[in-house]
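Only one structure is covered here, and it is reproduced in the block below.
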Amino acid sequence: MDLKNIVMQYQFNTIEKNWQKYWAEKKTFAAEDNSVKPKFYALDMFPYPSGAGLHVGHPLGYIASDIYARFKRHQGFNVLHPMGYDSFGLPAEQYAIQTGQHPAVTTKTNIEGGTDKDGNVIPGYRNQLDKIGFSFDWDREVRTSEPNYYKWTQWIFKQIFNSWYNNESDKAEKIDSLIEKFKAEGNSNIKATTDFEETFSASDWNSWSEEEQQKMLLNYRLAYLSDTWVNWCSALGTVLANDEIKNGVSERGGHPVEQKLMRQWSMRITAYAERLLKDLDTVDWTDSIKDIQRNWIGKSQGASVIFDVDGHDGEIEVFTTRPDTIFGVSFMVLAPEHELVAKITTAEQKDKIEAYQKAASLKSERDRMSDVKTISGEFTGAYAIHPFSGDKIPVWIGDYVLASYGTGAVMSVPCGDQRDWDFANHFNIDIPNIFKDKDISEAAYAEKDAVITNSDFLNDLPVKKATKLAIYEIEQKGFGKGKTQYKLRNAVFSRQRYWGEPFPVYYNGETPYLLDTNDVVELPEVDKYLPTADGEPPLARAKKDAWNVDCPGDRMEHNTMPGWAGSSWYFLRYMDPTNENEFVAKDKVDYWQNVDLYIGGAEHATGHLLYSRFWTKFLYDLDYIPFKEPFKKMINQGMIQGNSALVYRDIDSGKFVSKGKKKDYKTSSLHADINFLDGDILDTERFKNWRAEYNNAEFITEDNGEFICGREIDKMSKSKYNVQTPDVLVQKYGADTLRCYEMFLGPLEQHKPWDVQGITGVHGFLKKAWRLFHNDEAFEVSDAEPTKEELKTIHKAIQKVTGDIERYSFNTVVSNLMICVNELTAHKCNKRIILTDLVVLMSPYAPHIAEELWSKLGNKESLTYQPYPKFDESHLIESNHKYPISFNGKMKFLMELPLTLSKEEIEKEVMANEQTKKYLAGREPKKVIVVPKKIVNIVG
RNA sequence: GCUCGAGUGGUGGAAUUGGUAGACACGCAAGACUUAAAAUCUUGUGUCCAUUAGGACGUAUGGGUUCAAGUCCCAUCUCGAGUACCA
């Protein structure tokens, strides 16, 4: 074998190892804290370090942000590009429950590598990430489960606890200012976000005991303890937030969820509803994510109207978005849980109503959802009084009205609302028509383009005007007021689990107090990670002296914080990860500001992305940070799906049947490990050795002896044996190939199945690039002047690649680099000037090979901070243009003409051309369109 | 049901403002080198008709605007995501 030839081959394994070592030792990617350079903050959503490790889908977004970060370094930016771990979470705790191993231990193994309790090798996230050549500044790593991190999560909680929301200044303020006002004038003049509606005076406040005052303050604090209807998941032993439930079951594990009244910590995120909605306009996110958040916040405008109940003191308050239809009301419906129901129900209806209430309460959230079509309800026997007409309106209950939205009661306008129409139709209730010339005999008329009629002072008005006038009259007469309603609920902030942040809270009796210490409250050791016998959370197992802090009260808080606590502010900690005195130093956050480019999955639309916006606004209000939105620009990478391999087994004989012979047998299919495949061909020996039951497997192969598997697109998961790890590919093709290939696969945002077939093409491109710098025996570049063609090739690439990266079109960059290398190969170009530019162009995508070639070109320093090549248009300017000549819009042939020609001259040249005459075949053109530098179109 | 997004060769995809549809790559076919294989290189490759020259069709479907439509407008279908009695 030719030794020289081997030396000059592209040895990616050696090259990549060397440069990864170099970068780590020289701290090449360290971000500078005190820099005169402009800053750029490129951030990935940090991962939960699971024991399964990385598959090829995980690094997709990381590769994109890394490319952008490296690109920005070339452009002279001081780049902050950190990585860390969202390391509190359920899987580590579930594993702890099963094995008794402390979740901190498994978490550390999952990050740093090792073996689990069963002896399985865990590669470790860090090791896997390192092999891909990311330019992370690892000195800034954070782990949310480390006390030096969650110390500050607790600190932020304390700030939120010690704040209230002033609707007048429209921002959060310190609770002290509220206490001062209570002392001086009670709560009557205070406009705060609260569910507490009664008033008290200064003397009331001052006469209350400390405990009573604290209880009152909980109605105002932004983090507060209250009895709340929560989503209780007994299988997981904890409550879940609305965004943790998908299709009525828990997102994790798919367990049933029921409604339960529990004393829980909550965050008053509703105070920020309007700002969370409005500021969406200021961020560069996809419309889809913005829409999801808008829907989730669910703003609707209308009026709240009060109806008296005939013969009772109680009144029914409803929220409606259509106050213009108030004269169309023919009945009212209350939620079965509405507090008034028991009071107003007549004796005759009592049994029926109670039976209905009972049935409704037994229905789970899921049943209620799957049962939307069924119309049910019950008449209370009571009547409300229409505020304007004085008519008596029957009051019903029905479970299509939700207790948790608005006031839990609706005024039903069957002619304008389909649900009301259905209800009225089903129970034979009157359906008065208040829309001029609209037919409501078959369905409600919900469009807002009607003219109102049969409606007293609203007659002959269009919807918009009628709405305005109705609200005006309602307010004038004191029947209610204009109101804005949000779907967004306050966020439940406690979980009955072990592996999360402990609260810096203790109790005296039932009253919570913040611990006075600045020390972190560490997770105490417990004997088991399970709830106690009487259903208390695992932390109740810790004795008072098991905690690292002194508990001055009766007991510590036993709940822990939810998963979103640590992730709501982690992007701030990267700026100052080791600060022991502050969560982040003012000068650092002033310099780094918010995240310029954030890449991660769209599945966090209503969770993490909403909560971190909330906390950011809160910290802004208290003047800790100088910006209102955490993430300026966001890209949501698509999911990479698995490409499962199926083998077919003949049901009668148990023999395995190749795909091509499948139709001759009655088969069932099962998943085979994709690692046994070469293309679609199964390595039958490896398959036989996979499991004992397959040791004696027999195969019915194709005629050529190959065994072909079927393929199927699934989610990439261990259970489908379709997981492709990056490690295997890095070993086989190198990290640079993997990086380029993952980008080459298609647009970043798109979901796509993983298919390894095309990777050879990308690998070939890097080999081809390598060969530009080498002859058969050695590295060789020429110092000769480049030709016009060579300059044109490289500048075309500079223009395309730069433009494509800037508009985040990561996939087309690879194509353009390929075209560049193909053309330079065709030119046999090894000119130093050209290849130097090429190396820098390639470096964000294929940093290892770029560094290697860069050093071979004679450079001593890393090319990380090498200026990006400048596009010079003069190399692309042509004197001629190849005009496509079209006839009636169909292109027939090309004609090269000088660019200096005028429209008229072009037309003359084209019309004089032989081919033109041929295509016209004697016809006289009606019209000739000439677009200089573009096209000629002959009509006729 | 509502909201949003997407439908382009055998496959992944390209076409930034309406201006040569299918760049780039995979796969496939033929050839070169080789005892052979791998690697590498060359050529071809949207569909249909035609020996060639060439012609017709073609970006989910149907219509429209325009000299010109994958791109703009209207309607329909399919797929994906979100949401689900939100008054």
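Chain naming here is simple, since letters A, B, ... match the order of the sequence lines and numbering starts at 1 in each.
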Students often get this wrong, so: under 4.0 angstrom with heavy atoms, is [X] touching a base, only sugar-phosphate, or nothing?
X	result
A:N816	nothing
A:T606	nothing
A:V939	sugar-phosphate
A:K892	sugar-phosphate
A:P747	sugar-phosphate
A:K927	sugar-phosphate
A:N811	sugar-phosphate
A:Y919	sugar-phosphate

Find the distance [X]:[atom1] to [N]:[atom2] and express it as a whole number of Å.
X	N	atom1	atom2	result
A:K926	B:rA68	NZ	C1'	15 Å
A:W296	B:rA81	CH2	P	17 Å
A:Y883	B:rU20	OH	P	13 Å
A:Q750	B:rU8	CD	P	10 Å
A:Q293	B:rU3	CD	C1'	15 Å
A:D804	B:rC24	CG	C1'	12 Å
A:R489	B:rU83	CZ	C1'	16 Å
A:I292	B:rU83	CD1	P	7 Å

Given [options], which nucleotide is nearest the side-chain atoms of [X]?
X	options	result
A:D291	B:rG13, B:rC4, B:rA87	B:rC4
A:D399	B:rU20, B:rC85, B:rC57	B:rC85
A:K800	B:rU16, B:rG19, B:rA87	B:rU16
A:L894	B:rA87, B:rU20, B:rC41	B:rU20
A:M891	B:rU20, B:rC24, B:rG19	B:rU20
A:S288	B:rG19, B:rC4, B:rA25	B:rC4
A:F744	B:rG27, B:rG12, B:rC85	B:rG12
A:I819	B:rA15, B:rC24, B:rC67	B:rC24

*Side chains of A:S644 and A:N722: is there a donor and an acceptor less than 3.5 Å apart?*
yes
Syn within 90° of 0, anti beyond: B:rG7 is anti
Now, which nucleotide makes the Watson-Crick or G-U wobble pair with [N], with each of the two distances under 3.5 Å?
N	value
B:rG22	none
B:rU65	none
B:rU52	none
B:rU16	none
B:rG31	B:rC41
B:rC2	B:rG82

Assign each of A:T812 and A:K918 the nucleotide of RNA chain B bearing its closest heavy atom; nearer the 5' end lies the nucleotide of A:T812
Check: A:P753 or A:N822: which one's nearest nucleotide on RNA chain B is closer to the 5' end?
Finding: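 The residue mapped nearer the 5' terminus is A:P753.
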Below the 4.0 Å mark, does [N] have OP1 or OP2 next to a side-chain nitrogen or oxygen of [X]?
X	N	result
A:T760	B:rA25	no
A:R771	B:rC41	yes
A:K767	B:rU40	yes

When the [atom1] atoms of [N] and [M] are considered, how many whole Å apart are they?
N	M	atom1	result
B:rG44	B:rG82	C1'	46 Å
B:rC33	B:rU40	C1'	9 Å
B:rU52	B:rU45	P	13 Å
B:rG22	B:rG70	P	12 Å
B:rG9	B:rG5	P	23 Å
B:rU66	B:rC73	P	16 Å
B:rU8	B:rU59	P	11 Å
B:rA75	B:rC26	C1'	38 Å

Review point. Is a salt bridge present between A:K792 and A:E878, judged by a nitrogen-to-oxygen distance below 4.0 Å?
Key: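 A salt bridge links A:K792 with A:E878.
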Salt bridge present between A:D281 and A:R294 (N-O < 4.0 angstrom):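 Here A:D281 pairs with A:R294 in a salt bridge, since their nearest N and O are under 4.0 Å apart.
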So the salt bridge (charged side-chain N to carboxylate O under 4.0 Å, His left out) pairs with at least one residue in residues 926-936 of chain A (sequence neighbours excluded) are none
With under 30° as parallel and over 60° as perpendicular, where do the rings of A:W396 and A:F427 fit, or are they tilted in between?
->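 A:W396 and A:F427: tilted rings.
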Q) With under 30° as parallel and over 60° as perpendicular, where do the rings of A:F810 and A:Y808 fit, or are they tilted in between? A)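 Plane angle between 30° and 60°, so tilted.
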Next item on the list: Report yes if the distance between the aromatic ring centroids of A:Y741 and A:H763 is under 6.0 Å, otherwise no.
Entry: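 No, ring centres 6.0 Å or more apart.
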Are any side-chain N or O atoms of A:K882 and backbone N or O atoms of A:L894, one a donor and one an acceptor, separated by less than 3.5 Å?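 Looks like no, no N/O pair under 3.5 Å.
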Exercise. Determine yes or no for a side-chain-to-main-chain donor-acceptor pair under 3.5 angstrom, with A:R739 supplying the side chain and A:P844 the backbone.
Key: yes
Side-chain donor/acceptor of A:N937 to base of B:rC67, under 3.5 Å: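 Such a pair is found, so the answer is yes.
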